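This structure is a prediction, so every number in the text was calculated from the model and none was measured. Throughout, residue positions are numbered sequentially from 1 according to the sequence presented. Counting starts at 1 for both ligands and their atoms, following the listed order.
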Amino acid sequence: MELCSIASGSSGNCICVGTQESHLLVDAGISGKRIETGLNSVGLKTSEMKAILVTHEHIDHIAGLGVLARRYGLPIYGTQATLDAIRMVKSVGKIDQDLLHPIIPEQEFPIGDMIVHPISISHDAADPVAYIMKTEDKKSV
Ligand SMILES: [Zn+2]
C-alpha cells in the first residue's frame, strides 16, 4: 500500500492511496486541475482513481470534488450527513446522484482490491470520518 499527499493543510487536503492494482483519493480539497497535476507528477492519472472518499464537507476537503466527479464520473463516498452537506455547497456544483455512495462508520466496504474501514472522528462538521485502508490477504492455499 502506498500513500501520497497531493496537498495538506488549510489551503486544501488531498491524499492518494493505492496498491499496484487500484488507487483512490481521500478528499479533494484543492482545484481539480491541481489534483490532476499532482497525480501526474507521481505517474498516475485522475481517470485511474476508483473513488473519492470524503472525510467531511469543509471546503478545504471538497473544493475539487465536483469538477473531478463531473469530468471523470468518479464515485464519491461519505457519510449521508456529509453527502447532504456537500449538496448545499454551491461552489462544488451539481454532482450526479448516482455517484454519491453513503457509508456508515465502522462498516467496511471494498474499493478495488482494498478494504476501507471508516471511523467516526471528532471535528466541527456534520458527520466526519477518517478512513483506514487495508488489503485483503490474498494467499491461496
Ligand atoms: Zn474541517
Applying the 4.5 Å side-chain criterion to the ILVMFWY set and letting contacts propagate, would L65 and I59 be lumped into a single cluster?
-> yes

Do L39 and M49 come within less than 4.5 Å of each other through their side chains, counting heavy atoms only?
-> yes

Under 2.8 Å from the Zn ion (ligand 1), how many protein N/O/S atoms do you get? Just the number, please.
-> 3

Contact summary for V54 and Y131, nearest pair of heavy atoms | O-OH, 2.7 Å

How about H117 and Q107: does a side-chain donor come under 3.5 Å of a side-chain acceptor?
-> no

For a quick test of your reading: what N or O donor-acceptor pairs under 3.5 Å do the side chains of residues 75-93 make, sequence neighbours left out?
residue	atom	partner	partner atom	Å
T79	OG1	T82	N	3.3
T79	OG1	T82	OG1	2.7
T79	OG1	D127	O	2.9
Q80	NE2	D84	OD1	3.1
T82	OG1	D127	O	3.3
D84	OD1	R87	NH2	2.7
R87	NH1	Q97	OE1	3.0

Classify the side-chain pair S22/D113 by whether it contains a donor and acceptor separated by less than 3.5 Å.
-> yes

